[in-house]
Amino acid sequence: MSDSSFGKGCHLHLIDGSAFIFRAYHALPPLTRKSDGLPIGAVSGFCNMLHRYVEGNTGPDAPTHVAVIFDKGSHTFRNDMYDQYKANRDAMPEDLRPQIPLTRRATEAFNIACKEKEGYEADDIIATLAVQARAAGGRCTIISSDKDLMQLVGDGVEMLDAMKNKRIDREGVFEKFGVYPDRVVDVQALAGDSVDNVPGAPGIGIKTAALLINEYGDLEALLERAEEIKQPKRRQTLIDHAEQIRLSRRLVLLDENTPLDFTLDDLEVRDPLPDQLMPFLAEMEFRTLTKRIADHLDVEMPEIDDTPASAPDAPEIEDVPFDKEGYEMVGDSAALQSRIDRIYELGYVAVDTETTSLDEMRADLVGISLCVEPGSACYIPLTHKAHRGDDLFGSDDLAEGQMALEEALSMLKPVLEDPSILKIGQNMKYDAKIFAQAGIDVAPIDDTMLMSYAMHAGLHGHGMDALAERYLGHTPIPIKPLLGSGKSAITFDKVPLEDAVPYAAEDAEITLRLWQQFKPSLHRAQVTRVYETMERPLVPVLAAMERTGIEVDRDTLSRMSNAFSQKMAGLEDEIYGVAGRKFNVGSPKQLGEILFDEMALEGGKKGKTGAYATGADVLEDLATEHELPRLILDWRQLSKLKSTYTDALQDHINPDTGRVHTSYSIAGASTGRLASTDPNLQNIPIRTEEGRRIREAFVAGEGKTLVALDYSQIELRILAHIADIPALKQAFADGQDIHAMTASEMFDVPMDEMTPDVRRRAKAINFGVIYGISGFGLARNLRIPRSEAQGFIDRYFERFPGIRTYMDDTKAFAKENGYVETLFGRRIHTPNITDKGPRAGFAQRAAINAPIQGTAADVIRRAMIRMPAAIRDLPAKMLLQVHDELLFEVEQGAEDDLITAARDVMENAADPVVKLDVKLTVDAGQGANWAVAH
DNA sequence: GACATCACG
DNA sequence: GACGTACGTGATGTCC
């Protein structure tokens, strides 16, 4: 190596460190260090890549200088220019975070210069060094495939895609951008970048951008002469967004003058020093790699001690039997402190809370259980009462031997909030909400229920008992005998400590064991991304929404209840008169007997239980024959509205907050949809005028407005994309009425002669397709002969052949693999797909529907996860989700800002993972109550 | 606790 | 040729 300074004949290699890390992380399963469980997969991959890189550096083209460049800090000067810069990036996976510093150490261990600078991106440092190298007359190779670096290429600067081993020169850049490197930033400024959240010009992509730049020379010339553009839409876009485009250019333009405290000469290539490298590899416990590098360097393989530090002679995890004797009660701060110390040694802990209620908003914390290793779980009782609930003199005295609640929480708060300690739970949303009541913001978290959901949706439920049984072969201690049931049931704070400790501690241990089993399986099941990006991050978002709740006006509901009561009473009198006697109108059994036995109406069909069917469709048909069915239908509607809504909702108004707090189950629906319970706020009436008025009781708080945003026809749009139906895609692109278009296509009716009835039929068919259409089902829905319905379907398939292909392919895929997948990789298992006979149809239709419904569910999940950051600076809160709709509450005056921000997130929620052929559009409404806002 | 019914997307 | 069917949910009331 020469001692002369960097100049002609020198060759600088700049490695994009972050790219290496992410590639290593995603390429490898989540390995952990054997002695202590530290996640180490990305470091392992990183070292492998560095080693391969060093090995490959021979021959005439070898570098004389080299550095690995890292990002540092999340805030850069670009965030000062534009606060949304990179704002929609997913958070770094929790098991990657602790590995980042280790990759720096790895680089140094390989004796390679390692550089970073606070407030600057790695790309800026790379730009600065590349320009310096060029100015000094040397060459530079940037090892990265990041397109943001392509602006640097030329005059001795090239890029190397290490993955594909492909060099990128000026021509390569032209291939990618349609312009040479000096105009790349102009093209990027126009096209924007959804990954970095660079806005660019709406509707202009790289192709159009390159076209414009090549025509006008450069960006400024283009913007100055924008008036000359022939296409009106494009012209207007450029005029309207000129400032946004200029901002975008500043965002993508790399800073070639980053102040650096080193020079190129400091980057001279150095041979690895075995004394530095081998101890590091040994510390990481990389057996294979250490051996390989030791051989390569011709040194002795160092000792690797990977015996688990915790328990040197501990048997394998699976061998520890469940043993409630090992469960301890923690009753003082010294005992708790030693548990906390252990948590810090390992970096994770399974947590479970015991409370007085399943309703998190009304529940009081009773105790906390912790577990860091099988066999030694503990329970910290906090507010257990001294006497059983059935004690004649049950008092409020606390049981003895418990820690003070405040003391325990103040000791645990730093642990629960520590970003370096992973908190593992089963249905963590529940525990997080309980802790939130105490002002503790639990993070980061893992959730075994959600891991199971990501891996096993469609196979079985994901409750703790089911998972323990199935995956641990263990039956948990049942809660029933402890709490009793019915009227004599007691709350957990009344359970004696000797019973509470084993029950509670076992839950934490089960959770930990499930986690140990599930964590590495996620990767094998290829659902890590689903779990990390669409399940886990949703937990805090939903917890916040549920805790916020929505204001519901009790008086409005109460008045409606009274009105319904009166109407029902009147109807009952009429019904008894027509029927000839009194009976329970709410009893389908009695009604069936009246209609079909006593009154002997036609069309009585008995179901499998022997009772007559009296559903709405049956009564609807009978209504032409007799007046009774209509009266019953009217009564039933009122009865439903009263009992399920106007009465029940009042009971759900939380006395403390005056609001209604639903709970969303994340792992309930197999397709990825959420489900709302206690109360269900996803089925508030809207289809009938009378029911719709119930939404008037859902109101905005004082000085606020409710804003509703809903995806327009999201499932049909997704169908158009997945089944690749050009006519459907075109219709959406043109903003056409999709049902009218289908009708026109199918029934040869021109669009301007469309009748509501023809459109209605087409609409039914469109929905039928999403549900896995059958002639029988469509016939029943449209009340037409089955043969006619079948004719429609045949015609539909003829006009849109892609649909049939999609259905056949999906069924075949499900049979082959036992699951189907959404566009985002969510898997829905289809264990019944092999059914024979009459049941076969069910599983097939479900398999056809699941990718469509599931993809729509994924989209809105992604939007919800990004929403808090997007509306962070607005006085607005997200309140509810109803499958394709999000409801917000916003301070008056900020409605439009909220709509703009939220719509943007929703419409772009598929990016960047999926590029939909059909754009998603979102309709917005606002008002003082939900009836108006929707 | 099963079943029928009906509210929503 | 017959099977019996639209997909996904949750809450309520009746009846056993």
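We name chains A, B, ... by the order of the sequence lines, and we start the count at 1 in each one. It should be emphasised that the depicted structure is a prediction, and the values quoted were computed from it without experimental measurement.
Contact annotation: side chain of Arg839(A) to base of dT5(C), donor-acceptor pair absent below 3.5 Å. Residue side chain Ser774(A) reaches the base of dT5(C) through a donor-acceptor N/O pair under 3.5 Å, judged by distance alone.
Straight-line distance from the CD1 atom of Ile714(A) to the P atom of dG9(B): 14 Å, rounded to whole Å. Atoms CD1 (Ile718(A)) and C1' (dG9(B)) sit 13 Å apart, rounded to a whole Å. Summarising the geometry, the separation between CZ on Arg695(A) and P on dG9(B) is reported as 6 Å, rounded to the nearest angstrom. Taking atom CZ of residue Phe792(A) and atom C1' of nucleotide dA6(C), one finds them 16 Å apart after rounding to whole Å. Rounded to whole Å, atom P of dC7(C) lies 12 Å from atom CG of Asn781(A). Separating the CZ atom of Phe564(A) from the C1' atom of dA7(B) is a distance of 13 Å, rounded to the nearest angstrom. One can place CD of Glu593(A) at 13 Å from C1' of dT14(C), the figure rounded to the nearest angstrom. The CD atom of Gln682(A) sits 13 Å away from the P atom of dC8(B) (whole-angstrom rounding).
Distance from the side chain of Phe842(A) is smallest to dT5(C) among dT5(C), dT12(C), dA7(B). The side chain of Asp678(A) lies closest to dA11(C), out of dA7(B), dG9(B), dA11(C). Side-chain proximity of Arg673(A) to the nucleotides dA6(C), dG8(C), dG4(C) is greatest for dG8(C). Nearest to the side-chain atoms of Thr671(A) among the listed nucleotides dC7(C), dG8(C), dT14(C) stands dG8(C). Nearest nucleotide to the Ala764(A) side chain, out of dA6(C), dG9(B), dT14(C): dA6(C). When distances are taken from the side chain of Ala616(A) to each of dC6(B), dC7(C), dC16(C), the shortest belongs to dC6(B). Distances from the side chain of Lys589(A) to the nucleotides dT5(B), dG9(B), dC15(C) place dC15(C) closest. Closest to the Ser665(A) side chain, of the nucleotides dA6(C), dG8(C), dG10(C), is dG10(C). Of the candidates dA6(C), dA7(B), dT9(C), the closest approach to any side-chain atom of Ala669(A) belongs to dT9(C). Considering only side-chain atoms of Thr644(A), the nucleotide from dG4(C), dC7(C), dT12(C) that sits closest is dT12(C).
The aromatic rings of His739(A) and Phe767(A) are tilted relative to each other, their planes meeting at an angle between 30° and 60°. Ring pair Trp930(A)/Phe698(A) is perpendicular by interplanar angle, where above 60° counts as perpendicular and below 30° as parallel.
Residue Lys877(A) places its NZ atom among 12 or fewer non-hydrogen atoms of other residues, nucleotides or ligands, all under 6.0 Å distant. Residue-environment remark: CZ (Arg693(A)) stays at or below the threshold of 12 foreign heavy atoms within 6.0 Å.
Arg692(A) comes within contact range of no nucleotide atom at all, as no heavy-atom separation falls under 4.0 Å. Ser639(A) comes within 4.0 angstrom of nothing in the nucleic acid, heavy atoms only. Gly772(A) comes within 4.0 angstrom of nothing in the nucleic acid, heavy atoms only. Note on Ala613(A): only backbone sugar-phosphate atoms sit closer than 4.0 angstrom, heavy atoms only; bases stay farther off. Residue Ala847(A) is out of contact with every strand shown, counting any heavy-atom pair closer than 4.0 Å. Among the heavy atoms of the strands, none lies under 4.0 Å from Glu715(A). The residue Gly615(A) sits close only to the backbone: its heavy atoms come under 4.0 Å of sugar-phosphate atoms, none of a base. No engagement by Ala856(A) is indicated, since no non-hydrogen atom pair under 4.0 Å with the nucleic acid exists. Note on Ile848(A): nothing from the nucleic acid sits closer than 4.0 angstrom, heavy atoms only. Within the 4.0 angstrom heavy-atom criterion, no nucleotide atom of any strand lies near Glu885(A). Within the 4.0 angstrom heavy-atom criterion, only backbone atoms of the sugar-phosphate kind lie near Asp884(A); the bases stay farther away. Note on Phe767(A): nothing from the nucleic acid sits closer than 4.0 angstrom, heavy atoms only. Within 4.0 Å (heavy atoms only), Ile770(A) reaches no atom of the nucleic acid at all. If you check every strand for non-hydrogen atoms under 4.0 Å, Ser643(A) touches sugar and phosphate atoms only.
OP1 and OP2 of dC8(B) both lie 4.0 Å or more from every side-chain N or O belonging to Ser676(A). A close approach under 4.0 Å does occur between a side-chain nitrogen or oxygen of Arg845(A) and OP1 or OP2 of dC7(C). Under 4.0 angstrom from either OP1 or OP2 of dC15(C) there lies at least one side-chain N or O belonging to Gln590(A). Close to dG9(B), at under 4.0 Å from its OP1 or OP2, lies a side-chain N or O of Arg687(A). For dC6(B), one of the phosphate oxygens OP1 or OP2 lies less than 4.0 angstrom from a side-chain nitrogen or oxygen of Arg636(A). Not one side-chain nitrogen or oxygen of Asn680(A) sits closer than 4.0 Å to the OP1 or OP2 atom of dC8(B). Remark: Thr614(A) is not in phosphate contact with dA4(B), judged by side-chain N or O atoms under 4.0 Å from OP1 or OP2.
Checked against Glu535(A) for a salt bridge (charged side-chain N to carboxylate O under 4.0 Å, His left out), the options Arg861(A), Lys429(A), Arg862(A) give a single hit: Arg861(A).
In terms of heavy atoms, Ser452(A) sits closest to Leu467(A) at OG-CD2, 3.2 Å. Of all the heavy atoms in Ser357(A) and Tyr430(A), the pair that sits closest is O-OH, 2.5 Å.
Summarising the base pairing, dG8(C) is matched to dC8(B) through a Watson-Crick or G-U wobble pair whose two defining distances lie under 3.5 Å.
Salt-bridge check for Asp724(A) with Lys729(A): passed, with a basic side-chain N closer than 4.0 Å to an acidic carboxylate O.
Between dG4(C) and dA4(B), the distance separating the two P atoms is 15 Å to the nearest Å. On the P atoms, dA6(C) is 13 Å away from dT5(B), given to the nearest whole Å.
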Before giving the answer on side chain to side chain donor-acceptor pair (under 3.5 Å), spell out for Asn562(A) and Gln566(A) the whole-Å C-alpha distance, their side-chain angles and the decisive distance to 0.1 Å. CA-CA 6 Å; Asn562(A) 290 336; Gln566(A) 294 204 351; over 6 Å; no
